[in-house]
Amino acid sequence: MDQRARPYRSVLYIPGSKERALEKAKTLPVDAIIFDLEDAVSVDEKENARGILKDALAAGGYGSRMRIVRINGLDTQWGEADAKAAAAMDCDAVLLPKVESAAQVDALAALVGDKPIWAMMETPRGMLNAAEIAAHPQLTGFVMGTNDLAKELQCRFRADRLPMLTSLSLCLLAAKAEGIVIVDGVYNAFKDTEGLKTECDQGRDMGMDGKTLIHPAQVDVANAAFAPTDAEIDLARRQIQAFEETEAKGEGVAVVDGKIVENLHVVTAKEILAKADAIAALEG
Ligand SMILES: CC(C)(COP(=O)(O)OP(=O)(O)OC[C@H]1O[C@@H](n2cnc3c(N)ncnc32)[C@H](O)[C@@H]1OP(=O)(O)O)[C@@H](O)C(=O)NCCC(=O)NCCSC(=O)C[C@H](O)C(=O)O
Ligand SMILES: [Mg+2]
């Protein structure tokens with residue numbers, strides 16, 4: 001499936017060393033999985049996790065879920081071996097943490113051949129260089145790393161995420177300018193469904209494609225938040241129909257529910273229907 005056309009509502013992290021979680025993920029209705037070799041894996045488990053993950057991916061069973069492998073940074077003692085191992089794994093993309101420049105993406109590209117590369121956006125310098133990172137020809141997705149970002153910004157976690165909005169917006173601008181995927185950071189309090197829903201809604205309203213998750217209990221909330229609602233689908237259909245009728249009369253502006261509909265709104269309406277179809281195809 002074309003990477004931009006597929007849904008990314010729920011993107012679940014799984015520690016690469018946790019065999020039980022690797023198995024469990026095969027049963028979860030997630031759109032994508034990040035198999036983690038970085039922060040979720042202890043130093044003692046790093047080498048072991050690489051082998052466990054390679055075998056798990058080779059065994060298959062992840063269906064149409066997109067499989068992304070997060071390696072350790074290339075400035076760490078594990079990064080290069082992770083990258084070479086990930087290049088040979090049965091996965092769809094390699095995710096590089098703490099990316100701060102296009103040159104770092106180049107360095108990874110030299111190790112992983114033509115595998116698509118995703119970037120963790122989670123440092124102040126990364127935010128400032130988001131445009132050049134997004135423009136790298138092998139880069140197809142951004143993942144917001146809001147825990148590292150909060151650490152680096154020395155900001156507080158707030159329900160409205162005010163201290164992070166500039167960073168989120170810079171990455172959104174860069175991602176949208178290049179037409180790559182962008183998924184939001186994790187919500188740490190994995191038992192707090194209401195808080196998660198609020199943060200998902202905020203990310204969706206800003207233009208995020210989906211949310212990264214840390215626990216199976218978060219999946220349904222993200223899937224619902226990032227899917228078009230029945231009302232949105234109904235409105236999109238009516239907008240397209242009304243505009244076609246208006247166009248047939250030689251006019252350029254229709255009115256639906258008291259609001260104007262022009263060609264650009266029809267583009268959005270068609271995107272909503274395409275996303276709904278893609279979700280239905282994935283779930284079907
Ligand atoms: C947070 C956890 C440590 C909780 O684990 P646990 O206590 O085992 O949870 P449960 O007992 O409730 O688990 C119930 C079942 O679900 C499975 N499970 C749990 N988590 C996952 C998962 N992530 N993927 C798949 N399956 C999972 C358990 O195995 C149980 O299964 P079963 O027994 O068969 O019923 C744990 O959830 C966890 O480790 N989560 C992932 C943490 C992680 O990946 N962190 C790194 C990413 S966050 C980050 O680094 C972001 C970024 O870089 C930044 O800077 O922000
Ligand atoms: Mg991080």
Side-chain angles (χ1 to χ4, degrees), residues 8-46 49 52-53 56-57 59 61-63 65-76 78-79 82 93-100 104 118-127 130 133 141-158 161 163-164 167-168 171 182-193 195-196 199-200 203 208 210-223:
Y8 293 91
R9 298 164 299 168
S10 47
V11 181
L12 179 67
Y13 282 99
I14 307 179
S17 55
K18 277 198 180 172
E19 292 180 85
R20 197 172 174 88
L22 289 167
E23 203 52 40
K24 175 98 175 173
K26 295 175 186 174
T27 67
L28 299 171
V30 292
D31 292 340
I33 298 170
I34 296 176
F35 298 94
D36 195 17
L37 296 174
E38 200 216 18
D39 284 349
V41 177
S42 71
V43 167
D44 291 347
E45 280 289 299
K46 292 284 188 196
I52 292 173
L53 184 52
L57 286 166
Y62 294 102
R65 299 165 189 84
M66 188 180 176
R67 300 150 306 164
I68 304 164
V69 173
R70 181 166 78 166
I71 62 170
N72 288 281
L74 295 181
D75 56 349
T76 69
W78 310 282
D82 282 353
V94 181
L95 174 60
L96 185 64
K98 303 177 181 69
V99 179
E100 300 196 315
Q104 290 176 337
W118 283 41
M120 290 294 312
M121 299 301 288
E122 48 188 352
T123 68
R125 202 176 302 284
M127 302 302 126
I133 297 166
F142 271 177
V143 178
M144 297 309 303
T146 42
N147 279 306
D148 270 303
L149 188 59
K151 168 180 161 272
E152 298 297 322
L153 292 177
Q154 299 173 303
C155 71
R156 291 201 169 128
F157 286 97
R158 290 172 43 142
R161 294 201 290 176
M164 284 192 196
S167 303
L168 295 173
C171 291
I182 177 166
V183 290
D184 206 349
V186 297
Y187 187 72
N188 294 338
F190 60 90
K191 293 183 181 164
D192 173 11
T193 303
L196 173 65
E199 204 168 281
C200 284
M208 295 285 174
K211 189 136 183 93
T212 46
L213 310 172
I214 48 175
H215 191 275
Q218 298 182 311
V219 176
D220 289 347
V221 175
N223 279 348

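What's counted below: heavy atoms across the whole structure, side chains too, no hydrogens, waters or symmetry copies. Atoms within a ligand are numbered from 1 in the order they appear, just like the ligands themselves.
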*Asks:* Below 4.0 angstrom from a heavy atom of E122, which ligand 1 atoms are there? Numbered from 1 as shown, please.
*Replies:*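 In order of number, 52 (C), 53 (O), 54 (C), 55 (O).
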*Asks:* Dump the intermediate steps for side chain to side chain contact (heavy atoms under 4.5 Å, CB included) on R67 and I33, then the final yes or no.
*Replies:* CA-CA 5 Å; R67 300 150 306 164; I33 298 170; 5.5 Å; no
*Asks:* Suppose we measure from atom 31 (O) of ligand 1 to each protein heavy atom; which comes out shortest, and what is that distance?
*Replies:*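 Protein heavy atom at minimum distance: K24 CD, 3.6 Å.
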*Asks:* Which protein N, O or S atoms lie under 2.8 Å from the Mg ion (ligand 2), given by chain and residue number?
*Replies:*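 Those protein N, O or S atoms (cut-off: under 2.8 Å from the Mg ion (ligand 2)) are E122 OE1, D148 OD2.
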*Asks:* Which pair of heavy atoms, one from D39 and one from R70, lies closest together, and at what distance?
*Replies:*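 Looking at all heavy atoms of both residues, the shortest contact is N-NH2, 3.6 Å.
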*Asks:* Grab the two heavy atoms, one from G203 and one from D184, that are nearest each other, plus how far apart they are.
*Replies:*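 Looking at all heavy atoms of both residues, the shortest contact is CA-OD2, 3.6 Å.
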*Asks:* Write out the residue and atom name of the closest protein heavy atom to atom 51 (C) of ligand 1, then the distance separating them to 0.1 Å.
*Replies:*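 Nearest neighbour among protein heavy atoms for atom 51 (C) of ligand 1, to 0.1 Å: Y13 OH, 3.7 Å.
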*Asks:* Can you name the closest pair of heavy atoms from V41 and G16 and give their distance?
*Replies:*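 Looking at all heavy atoms of both residues, the shortest contact is CG2-N, 3.8 Å.
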*Asks:* Can you check whether a protein heavy atom sits less than 4.0 angstrom from atom 7 (O) of ligand 1?
*Replies:*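 Neighbour list for atom 7 (O) of ligand 1 is empty of protein heavy atoms (cut-off 4.0 Å).
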*Asks:* Tell me which part of K18 gets within contact of ligand 1: side chain, backbone, both or neither, using heavy atoms under 4.0 Å.
*Replies:*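 It is the side chain that touches ligand 1; the backbone stays farther off.
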*Asks:* Under the 4.0 Å line, does any protein heavy atom show up next to atom 22 (C) of ligand 1?
*Replies:*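 It does: a protein heavy atom is found less than 4.0 Å away from atom 22 (C) of ligand 1.
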*Asks:* Out of curiosity, is P216 lining ligand 1, as in a heavy atom under 4.0 Å away?
*Replies:*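 Under 4.0 Å: yes for P216.
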*Asks:* If we set the cut-off at 4.0 Å for heavy atoms, which region of E19 has an atom near ligand 1: side chain, backbone, both, or neither?
*Replies:*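 The answer is neither.
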*Asks:* Answer whether the closest heavy-atom distance between the side chains of F142 and V99 falls below 4.5 Å.
*Replies:*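 Counting from C-beta outward, F142 and V99 never come under 4.5 Å.
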*Asks:* Nearest protein heavy-atom contact for atom 14 (C) of ligand 1: which residue, which atom, what distance?
*Replies:*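 The protein heavy atom lying closest is H215 NE2, 4.1 Å.
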*Asks:* Show me which atoms of ligand 1 lie under 4.0 Å from any heavy atom of I14.
*Replies:*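 It comes down to these atoms of ligand 1: 24 (N).
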*Asks:* Between ligand 1 and D36, is the shortest N or O to N or O distance under 3.5 Å?
*Replies:*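 N/O-N/O distance under 3.5 Å: no.
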*Asks:* Taking all non-hydrogen atoms of both residues, which atom of L153 and which atom of P124 are closest, and how far apart?
*Replies:*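 The pair with the smallest heavy-atom distance is CD2-CG, 4.2 Å.
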*Asks:* Among all the protein's non-hydrogen atoms, which is closest to atom 33 (O) of ligand 1, and how far away is it?
*Replies:*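 Of every protein heavy atom, R20 NE, 2.6 Å lies nearest to atom 33 (O) of ligand 1.
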*Asks:* Students should be able to answer this: which protein heavy-atom is nearest to atom 1 (C) of ligand 1, and at what distance?
*Replies:*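 Protein heavy atom at minimum distance: F190 CE2, 3.6 Å.
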*Asks:* Hey, is L213 touching ligand 1 through its side chain, its backbone, both or neither, going by heavy atoms under 4.0 Å?
*Replies:*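 No part of L213 comes within reach of ligand 1.
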*Asks:* What is the minimum heavy-atom distance between G195 and Y187, and which atoms define it?
*Replies:*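 Shortest heavy-atom separation between G195 and Y187 comes out as CA-OH, 3.2 Å.
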*Asks:* Looking at side-chain heavy atoms only, is the closest gap between E199 and R161 below 4.5 Å?
*Replies:*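 Yes; the side chains approach each other to less than 4.5 Å.
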*Asks:* From atom 25 (C) of ligand 1, is the closest protein heavy-atom distance below 4.0 Å?
*Replies:*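 Yes, there is one.
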*Asks:* Can you tell me if T212 uses its side chain to pair, donor with acceptor, with the backbone of V186 under 3.5 Å?
*Replies:*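 Flag set: sc T212 to bb V186 pair under 3.5 Å.
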*Asks:* Could you tell me the residue and atom name of the protein heavy atom closest to atom 56 (O) of ligand 1, and the distance to it rounded to 0.1 Å?
*Replies:*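 It is N147 N, 2.8 Å.
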*Asks:* Are any non-hydrogen protein atoms located under 4.0 Å from atom 28 (C) of ligand 1?
*Replies:*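 It does not: no protein heavy atom is found less than 4.0 Å away from atom 28 (C) of ligand 1.
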*Asks:* Among all the protein's non-hydrogen atoms, which is closest to atom 38 (C) of ligand 1, and how far away is it?
*Replies:*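 The closest heavy atom on the protein side is I214 O, 3.9 Å.
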*Asks:* Which residues pass the ring-ring contact (aromatic ring centres under 6.0 Å, His included) test with F157, sequence neighbours left out?
*Replies:*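 By the ring-ring contact (aromatic ring centres under 6.0 Å, His included) rule, F157 matches no residue at all.
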*Asks:* Looking at K211 and C200, what are the two nearest heavy atoms and their distance?
*Replies:*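 Heavy atoms of K211 and C200 come nearest at CD-SG, 3.5 Å.
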*Asks:* Hey, is M120 touching ligand 1 through its side chain, its backbone, both or neither, going by heavy atoms under 4.0 Å?
*Replies:*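 For M120, the contact with ligand 1 is made by the side chain alone.
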*Asks:* So, is D39 polar-close to ligand 1, with some N/O to N/O distance under 3.5 Å?
*Replies:*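 Min N/O separation from ligand 1 is not below 3.5 Å for D39.
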*Asks:* Are R65 and D31 close enough for a salt bridge, meaning some N to O gap below 4.0 Å?
*Replies:*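 No.
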*Asks:* Begin with the C-alpha distance, continue with both residues' side-chain angles, and end with the deciding distance and a verdict on side chain to side chain donor-acceptor pair (under 3.5 Å) for T123 and E152.
*Replies:* CA-CA 6 Å; T123 68; E152 298 297 322; over 6 Å; no
*Asks:* By number and element, which atoms of ligand 1 are closer than 4.0 Å to a non-hydrogen atom of A40?
*Replies:*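 With A40 as reference, the close atoms of ligand 1 come out as 43 (C), 44 (O), 45 (N), 46 (C).
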*Asks:* Considering only heavy atoms, does A21 approach ligand 1 within less than 4.0 Å through its side chain, its backbone, both, or neither?
*Replies:*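 Both of them.
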*Asks:* Assess whether a salt bridge exists between K151 and E122, defined as any Lys/Arg side-chain N lying under 4.0 Å from an Asp/Glu carboxylate O.
*Replies:*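 No salt bridge links K151 with E122.
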*Asks:* Donor-acceptor check, side chain of N223 to backbone of P29, threshold 3.5 angstrom: yes or no?
*Replies:*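 Answer holds: yes.
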*Asks:* Between L96, N72, V69, I71, which is the residue that forms a side chain to side chain contact (heavy atoms under 4.5 Å, CB included) with E38?
*Replies:*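 Of L96, N72, V69, I71, side chain to side chain contact (heavy atoms under 4.5 Å, CB included) with E38 is met by N72 alone.
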*Asks:* Within a distance of under 4.0 Å, is there any protein heavy atom near atom 11 (O) of ligand 1?
*Replies:*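 Looking at atom 11 (O) of ligand 1, one finds that no protein heavy atom lies closer than 4.0 Å.
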*Asks:* Decide, yes or no, whether a salt bridge links K18 with D36 under the criterion of side-chain N to carboxylate O below 4.0 Å.
*Replies:*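 A salt bridge is absent here (no side-chain N lies under 4.0 Å from a carboxylate O).
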*Asks:* Side-chain contact test, heavy atoms from C-beta onward, threshold under 4.5 Å: evaluate it for M66 versus W118 and give yes or no.
*Replies:*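 Side chain of M66 against side chain of W118, heavy atoms only: contact under 4.5 Å found.
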*Asks:* Can you tell me the protein heavy atom closest to atom 53 (O) of ligand 1 and the distance?
*Replies:*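 Result for atom 53 (O) of ligand 1: R70 NH1, 2.8 Å.
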